[in-house]
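One structure is given below, encoded as C-alpha coordinates.
Keep in mind the model is a prediction, meaning the values are calculated, not measured. Start at 1 and go down the list; that is how both ligands and their atoms are numbered.
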Amino acid sequence: MIRTKDYEQTSEGTRPAAEQSTAARLCAELETEGIVVLPSLLTDEQLRGMQQAFATKLRRLRWNNFDGYQKTELYRHMVEDVLLLDQGFVDLAIHPLLKQILNLYLGDTYELTEAKGWKSLPTKRDFHGWHGDAWYDQKTIQDIPREVKLAFYLTDVRSGAFNYVRRSQRRQHPRPVRNPEVENFPASQILEVAGRAGSAFLFDTSGIHRQGVPMLEPRRAVFYNYHDPSVALQKEDVDYYRYHPLLLNAAFLGDLTAEDHRILGFGNKKNFIPAFERIISPPALHNFFGAALNVQLRVSNLRERIVAKLRHVFGQS
Ligand SMILES: O=C(O)CCC(=O)C(=O)O
(Lines give C-alpha, C1' and ligand atoms only; values in the text may rest on other atoms or scores of the structure.)
Protein backbone atom coordinates (compact mmCIF):
# COMPACT_ATOMS: atom_id res chain seq x y z
CA MET A 1 0.00 0.00 0.00
CA ILE A 2 1.48 3.40 -1.02
CA ARG A 3 0.71 6.30 1.28
CA THR A 4 0.85 9.89 0.07
CA LYS A 5 -0.18 12.99 2.01
CA ASP A 6 -3.82 13.04 0.99
CA TYR A 7 -4.43 9.76 -0.74
CA GLU A 8 -3.86 6.14 -0.02
CA GLN A 9 -3.29 3.69 -2.88
CA THR A 10 -5.33 0.52 -2.43
CA SER A 11 -6.26 -2.34 -4.74
CA GLU A 12 -9.44 -0.34 -5.42
CA GLY A 13 -7.57 2.81 -6.50
CA THR A 14 -7.09 6.03 -4.56
CA ARG A 15 -9.27 7.16 -1.71
CA PRO A 16 -9.03 10.42 0.23
CA ALA A 17 -7.03 9.93 3.42
CA ALA A 18 -9.71 11.81 5.39
CA GLU A 19 -12.29 9.23 4.28
CA GLN A 20 -9.93 6.44 5.32
CA SER A 21 -9.47 7.86 8.79
CA THR A 22 -13.24 8.41 9.18
CA ALA A 23 -13.73 4.73 8.31
CA ALA A 24 -11.05 3.68 10.81
CA ARG A 25 -12.66 5.78 13.55
CA LEU A 26 -16.15 4.43 12.85
CA CYS A 27 -14.83 0.87 12.66
CA ALA A 28 -13.07 1.30 16.02
CA GLU A 29 -16.39 2.39 17.54
CA LEU A 30 -18.17 -0.59 15.99
CA GLU A 31 -15.44 -2.83 17.42
CA THR A 32 -15.76 -1.53 20.99
CA GLU A 33 -19.46 -0.63 21.20
CA GLY A 34 -20.95 -3.16 18.78
CA ILE A 35 -22.87 -0.36 17.09
CA VAL A 36 -22.00 2.86 15.31
CA VAL A 37 -24.18 5.61 13.88
CA LEU A 38 -22.98 6.67 10.42
CA PRO A 39 -22.83 10.13 8.87
CA SER A 40 -25.39 10.89 6.18
CA LEU A 41 -24.73 8.51 3.25
CA LEU A 42 -27.26 9.49 0.58
CA THR A 43 -28.69 12.63 -0.97
CA ASP A 44 -32.26 13.80 -0.35
CA GLU A 45 -33.07 12.80 -3.93
CA GLN A 46 -31.81 9.26 -3.43
CA LEU A 47 -33.78 9.00 -0.18
CA ARG A 48 -36.96 10.24 -1.87
CA GLY A 49 -36.65 7.64 -4.64
CA MET A 50 -36.24 4.88 -2.07
CA GLN A 51 -39.16 6.11 0.04
CA GLN A 52 -41.45 6.24 -2.98
CA ALA A 53 -40.50 2.79 -4.25
CA PHE A 54 -40.85 1.29 -0.78
CA ALA A 55 -44.24 2.98 -0.25
CA THR A 56 -45.49 1.51 -3.53
CA LYS A 57 -44.62 -2.02 -2.35
CA LEU A 58 -46.52 -1.34 0.87
CA ARG A 59 -49.75 -0.41 -0.87
CA ARG A 60 -51.18 -3.93 -0.86
CA LEU A 61 -50.48 -7.49 0.18
CA ARG A 62 -48.66 -9.44 -2.55
CA TRP A 63 -50.89 -11.91 -4.35
CA ASN A 64 -50.94 -13.50 -7.81
CA ASN A 65 -49.96 -10.76 -10.32
CA PHE A 66 -50.27 -7.96 -7.73
CA ASP A 67 -46.91 -7.07 -6.30
CA GLY A 68 -46.76 -5.87 -2.72
CA TYR A 69 -45.61 -6.68 0.79
CA GLN A 70 -45.55 -10.07 2.54
CA LYS A 71 -47.26 -10.65 5.84
CA THR A 72 -46.40 -13.56 8.13
CA GLU A 73 -46.87 -11.79 11.47
CA LEU A 74 -49.30 -9.28 12.96
CA TYR A 75 -47.25 -6.14 13.37
CA ARG A 76 -44.94 -6.02 10.34
CA HIS A 77 -45.36 -5.71 6.60
CA MET A 78 -42.26 -7.19 5.01
CA VAL A 79 -40.64 -5.98 1.79
CA GLU A 80 -38.14 -8.52 0.53
CA ASP A 81 -35.30 -7.96 -1.95
CA VAL A 82 -35.28 -4.16 -1.83
CA LEU A 83 -32.32 -3.95 -4.26
CA LEU A 84 -34.87 -4.52 -7.02
CA LEU A 85 -36.78 -1.36 -6.17
CA ASP A 86 -34.64 1.71 -6.70
CA GLN A 87 -31.07 2.73 -7.49
CA GLY A 88 -30.68 4.24 -4.02
CA PHE A 89 -30.99 0.83 -2.34
CA VAL A 90 -28.01 -0.44 -4.40
CA ASP A 91 -26.00 2.77 -3.88
CA LEU A 92 -26.52 2.38 -0.15
CA ALA A 93 -25.39 -1.27 -0.14
CA ILE A 94 -22.02 -0.47 -1.74
CA HIS A 95 -21.46 3.04 -0.42
CA PRO A 96 -17.68 3.75 -0.36
CA LEU A 97 -17.57 4.65 3.34
CA LEU A 98 -19.62 1.60 4.26
CA LYS A 99 -17.31 -0.69 2.27
CA GLN A 100 -14.25 0.76 3.97
CA ILE A 101 -15.70 0.13 7.42
CA LEU A 102 -16.83 -3.38 6.50
CA ASN A 103 -13.44 -4.19 4.94
CA LEU A 104 -11.84 -3.30 8.25
CA TYR A 105 -14.40 -5.12 10.41
CA LEU A 106 -15.24 -8.18 8.29
CA GLY A 107 -12.16 -8.62 6.08
CA ASP A 108 -12.43 -9.07 2.33
CA THR A 109 -14.61 -12.15 1.98
CA TYR A 110 -17.94 -10.75 3.11
CA GLU A 111 -20.96 -10.32 0.86
CA LEU A 112 -24.30 -8.63 1.20
CA THR A 113 -26.41 -11.69 1.96
CA GLU A 114 -29.83 -10.17 2.54
CA ALA A 115 -31.49 -6.83 1.78
CA LYS A 116 -34.99 -6.40 3.09
CA GLY A 117 -37.11 -3.95 4.99
CA TRP A 118 -40.38 -3.60 6.76
CA LYS A 119 -43.08 -1.32 7.95
CA SER A 120 -43.59 -1.78 11.68
CA LEU A 121 -47.14 -1.07 12.77
CA PRO A 122 -48.00 0.89 15.90
CA THR A 123 -48.33 -1.37 18.93
CA LYS A 124 -47.49 -1.52 22.60
CA ARG A 125 -46.66 -5.21 22.31
CA ASP A 126 -43.05 -6.30 22.64
CA PHE A 127 -43.41 -8.68 19.71
CA HIS A 128 -39.82 -8.49 18.49
CA GLY A 129 -37.93 -8.78 21.77
CA TRP A 130 -34.26 -8.84 22.78
CA HIS A 131 -32.05 -11.23 20.84
CA GLY A 132 -28.78 -11.77 19.01
CA ASP A 133 -29.27 -12.80 15.39
CA ALA A 134 -28.81 -16.56 15.03
CA TRP A 135 -27.68 -17.42 11.49
CA TYR A 136 -24.73 -19.81 11.39
CA ASP A 137 -24.69 -23.50 12.28
CA GLN A 138 -23.95 -23.45 16.00
CA LYS A 139 -23.68 -27.25 16.04
CA THR A 140 -20.51 -27.22 13.96
CA ILE A 141 -19.08 -23.73 14.45
CA GLN A 142 -17.41 -23.01 17.80
CA ASP A 143 -16.31 -19.40 17.33
CA ILE A 144 -18.65 -16.49 16.62
CA PRO A 145 -18.37 -15.60 12.91
CA ARG A 146 -18.74 -11.91 12.28
CA GLU A 147 -21.95 -10.53 10.87
CA VAL A 148 -22.90 -6.87 10.55
CA LYS A 149 -26.24 -5.31 9.71
CA LEU A 150 -26.71 -1.92 8.18
CA ALA A 151 -29.95 -0.29 9.30
CA PHE A 152 -31.40 2.61 7.33
CA TYR A 153 -34.55 4.51 8.34
CA LEU A 154 -36.96 5.52 5.60
CA THR A 155 -39.17 7.49 7.99
CA ASP A 156 -38.39 9.76 10.94
CA VAL A 157 -38.20 7.47 13.96
CA ARG A 158 -39.31 8.96 17.28
CA SER A 159 -40.68 5.83 18.95
CA GLY A 160 -40.10 2.12 18.49
CA ALA A 161 -36.50 2.92 17.62
CA PHE A 162 -33.86 0.22 17.36
CA ASN A 163 -32.37 -0.66 20.79
CA TYR A 164 -28.89 -2.15 21.31
CA VAL A 165 -27.03 -3.21 24.45
CA ARG A 166 -23.65 -1.63 23.84
CA ARG A 167 -20.60 -3.88 24.32
CA SER A 168 -22.76 -7.03 24.39
CA GLN A 169 -21.42 -8.26 21.02
CA ARG A 170 -19.25 -11.32 20.45
CA ARG A 171 -19.72 -12.54 24.02
CA GLN A 172 -22.08 -15.46 23.40
CA HIS A 173 -23.62 -17.37 20.53
CA PRO A 174 -26.66 -15.40 19.36
CA ARG A 175 -30.01 -16.46 20.85
CA PRO A 176 -33.28 -14.99 22.17
CA VAL A 177 -32.61 -13.03 25.39
CA ARG A 178 -35.20 -12.70 28.16
CA ASN A 179 -36.05 -9.24 29.52
CA PRO A 180 -34.74 -10.01 33.06
CA GLU A 181 -31.30 -10.75 31.57
CA VAL A 182 -31.24 -7.30 29.97
CA GLU A 183 -32.37 -5.66 33.21
CA ASN A 184 -28.93 -6.62 34.60
CA PHE A 185 -27.29 -4.11 32.26
CA PRO A 186 -27.13 -0.45 33.41
CA ALA A 187 -29.56 1.76 31.48
CA SER A 188 -26.57 3.78 30.23
CA GLN A 189 -25.42 0.74 28.25
CA ILE A 190 -28.63 0.60 26.21
CA LEU A 191 -28.58 2.73 23.10
CA GLU A 192 -31.87 3.77 21.52
CA VAL A 193 -31.29 4.93 17.95
CA ALA A 194 -34.02 7.44 17.17
CA GLY A 195 -33.35 9.49 14.04
CA ARG A 196 -34.55 11.26 10.93
CA ALA A 197 -35.36 9.47 7.70
CA GLY A 198 -32.00 8.77 6.06
CA SER A 199 -30.27 7.86 9.35
CA ALA A 200 -28.00 4.84 9.05
CA PHE A 201 -26.12 2.72 11.56
CA LEU A 202 -24.12 -0.49 11.66
CA PHE A 203 -24.28 -3.12 14.37
CA ASP A 204 -22.66 -6.45 15.09
CA THR A 205 -25.65 -8.80 15.08
CA SER A 206 -24.27 -11.02 17.86
CA GLY A 207 -24.94 -8.11 20.26
CA ILE A 208 -28.26 -7.98 22.13
CA HIS A 209 -30.82 -5.85 20.31
CA ARG A 210 -34.53 -5.44 19.58
CA GLN A 211 -37.15 -3.23 18.03
CA GLY A 212 -38.08 -0.74 20.78
CA VAL A 213 -41.49 -0.60 22.45
CA PRO A 214 -43.95 1.02 22.25
CA MET A 215 -44.18 1.81 18.54
CA LEU A 216 -46.48 4.84 18.49
CA GLU A 217 -46.43 5.55 14.76
CA PRO A 218 -45.62 3.40 11.72
CA ARG A 219 -41.90 3.00 11.11
CA ARG A 220 -40.26 2.08 7.80
CA ALA A 221 -36.70 0.79 7.71
CA VAL A 222 -34.42 -1.48 5.72
CA PHE A 223 -31.81 -3.83 7.14
CA TYR A 224 -28.89 -5.19 5.09
CA ASN A 225 -26.98 -8.21 6.27
CA TYR A 226 -23.25 -8.69 5.57
CA HIS A 227 -21.33 -11.85 6.39
CA ASP A 228 -18.99 -14.38 4.82
CA PRO A 229 -21.21 -16.57 2.59
CA SER A 230 -18.90 -19.55 3.02
CA VAL A 231 -19.89 -19.89 6.71
CA ALA A 232 -22.25 -22.86 7.20
CA LEU A 233 -25.80 -21.64 7.83
CA GLN A 234 -28.19 -22.89 10.51
CA LYS A 235 -30.72 -25.42 9.25
CA GLU A 236 -33.79 -23.14 9.63
CA ASP A 237 -32.28 -20.59 7.28
CA VAL A 238 -31.33 -23.23 4.70
CA ASP A 239 -34.87 -24.68 4.85
CA TYR A 240 -36.35 -21.21 4.39
CA TYR A 241 -33.76 -20.26 1.72
CA ARG A 242 -33.27 -17.08 3.70
CA TYR A 243 -29.83 -16.18 2.35
CA HIS A 244 -30.61 -16.90 -1.28
CA PRO A 245 -28.36 -15.11 -3.80
CA LEU A 246 -29.45 -11.46 -4.07
CA LEU A 247 -32.20 -10.62 -6.52
CA LEU A 248 -30.96 -7.65 -8.56
CA ASN A 249 -32.28 -5.24 -11.15
CA ALA A 250 -30.01 -4.94 -14.23
CA ALA A 251 -30.93 -1.26 -14.55
CA PHE A 252 -29.12 -0.45 -11.30
CA LEU A 253 -25.88 -2.34 -11.95
CA GLY A 254 -23.89 0.18 -14.02
CA ASP A 255 -20.43 1.39 -12.95
CA LEU A 256 -19.66 -1.40 -10.51
CA THR A 257 -16.13 -2.28 -9.44
CA ALA A 258 -14.74 -5.80 -9.03
CA GLU A 259 -15.17 -5.32 -5.27
CA ASP A 260 -18.86 -4.42 -5.77
CA HIS A 261 -19.32 -7.59 -7.83
CA ARG A 262 -17.94 -9.61 -4.96
CA ILE A 263 -20.04 -7.84 -2.34
CA LEU A 264 -23.21 -8.34 -4.39
CA GLY A 265 -22.29 -12.01 -4.87
CA PHE A 266 -21.94 -12.01 -8.67
CA GLY A 267 -21.38 -15.58 -9.86
CA ASN A 268 -21.32 -17.09 -6.37
CA LYS A 269 -23.57 -20.16 -6.30
CA LYS A 270 -22.52 -21.24 -2.78
CA ASN A 271 -25.94 -20.58 -1.28
CA PHE A 272 -28.01 -21.16 -4.41
CA ILE A 273 -30.37 -24.12 -4.01
CA PRO A 274 -31.44 -25.54 -7.40
CA ALA A 275 -35.21 -26.01 -7.82
CA PHE A 276 -35.79 -24.85 -4.26
CA GLU A 277 -39.20 -25.46 -2.75
CA ARG A 278 -40.11 -24.60 0.83
CA ILE A 279 -40.97 -27.70 2.85
CA ILE A 280 -44.00 -26.17 4.56
CA SER A 281 -47.04 -25.99 2.32
CA PRO A 282 -49.10 -22.81 1.97
CA PRO A 283 -52.08 -22.35 4.32
CA ALA A 284 -55.62 -23.47 3.34
CA LEU A 285 -56.49 -19.81 2.69
CA HIS A 286 -53.96 -19.79 -0.17
CA ASN A 287 -55.76 -22.70 -1.88
CA PHE A 288 -59.13 -21.05 -1.18
CA PHE A 289 -58.10 -17.80 -2.89
CA GLY A 290 -56.59 -19.79 -5.78
CA ALA A 291 -59.90 -21.64 -6.25
CA ALA A 292 -61.93 -18.39 -5.98
CA LEU A 293 -59.72 -16.79 -8.64
CA ASN A 294 -60.23 -19.78 -10.90
CA VAL A 295 -64.03 -19.44 -10.57
CA GLN A 296 -63.81 -15.71 -11.37
CA LEU A 297 -61.66 -16.38 -14.47
CA ARG A 298 -64.06 -19.11 -15.68
CA VAL A 299 -67.07 -16.81 -15.24
CA SER A 300 -65.47 -13.96 -17.18
CA ASN A 301 -64.32 -16.39 -19.89
CA LEU A 302 -67.89 -17.74 -20.18
CA ARG A 303 -69.27 -14.19 -20.35
CA GLU A 304 -66.84 -13.34 -23.22
CA ARG A 305 -67.88 -16.44 -25.14
CA ILE A 306 -71.60 -15.69 -24.71
CA VAL A 307 -71.10 -12.09 -25.88
CA ALA A 308 -69.11 -13.30 -28.92
CA LYS A 309 -71.84 -15.83 -29.78
CA LEU A 310 -74.62 -13.21 -29.50
CA ARG A 311 -72.65 -10.82 -31.72
CA HIS A 312 -72.24 -13.58 -34.26
CA VAL A 313 -75.99 -14.49 -34.21
CA PHE A 314 -77.16 -10.86 -34.43
CA GLY A 315 -74.49 -9.87 -36.95
CA GLN A 316 -72.78 -7.16 -34.90
CA SER A 317 -69.02 -6.68 -35.29
O1 LIG B 1 -36.73 -3.58 13.65
C2 LIG B 1 -35.90 -3.38 14.55
O3 LIG B 1 -35.73 -2.28 15.10
C4 LIG B 1 -35.08 -4.54 15.06
C5 LIG B 1 -34.39 -5.26 13.96
C6 LIG B 1 -33.77 -6.53 14.41
O7 LIG B 1 -33.93 -6.96 15.52
C8 LIG B 1 -32.95 -7.30 13.49
O9 LIG B 1 -32.79 -6.89 12.33
O10 LIG B 1 -32.43 -8.35 13.90
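Contact annotation: the side chain of Arg76 approaches that of Phe127 to within less than 4.5 Å [non-hydrogen atoms, C-beta and beyond]. Within the 4.5 Å cutoff, the side chain of Pro122 has no heavy atoms near those of the Leu216 side chain.
Proximity of a side-chain donor or acceptor of His131 to a complementary backbone N or O of Arg175 within less than 3.5 Å is not detected.
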Which pairs of nitrogen or oxygen atoms, taken one from ligand 1 and one from the protein, are under 3.5 angstrom apart?
unit_1, atom_1, unit_2, atom_2, d
ligand 1, 1 (O), Trp118, NE1, 3.3
ligand 1, 1 (O), Arg219, NH2, 2.6
ligand 1, 3 (O), Arg219, NH1, 2.9
ligand 1, 3 (O), Arg219, NH2, 3.2
ligand 1, 7 (O), His131, NE2, 3.1
ligand 1, 9 (O), Lys149, NZ, 2.8
ligand 1, 10 (O), His131, NE2, 3.2
ligand 1, 10 (O), Asp133, OD1, 3.0
ligand 1, 10 (O), Asp133, OD2, 3.2
ligand 1, 10 (O), Lys149, NZ, 3.0
ligand 1, 10 (O), His209, NE2, 3.0

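When the side-chain hydrogen bond (donor to acceptor under 3.5 Å, both in side chains) test is applied to Ser230, the partners found at least two apart in sequence or on another chain are Asp228. For Ala161, the side chain to side chain contact (heavy atoms under 4.5 Å, CB included) criterion is met by Tyr153, Val157, Glu192, Ala194, not counting sequence neighbours.
A ring pair (Phe, Tyr, Trp, His ring centres under 6.0 Å) check over residues 22-61, counting only residues at least two apart or in different chains, returns nothing.
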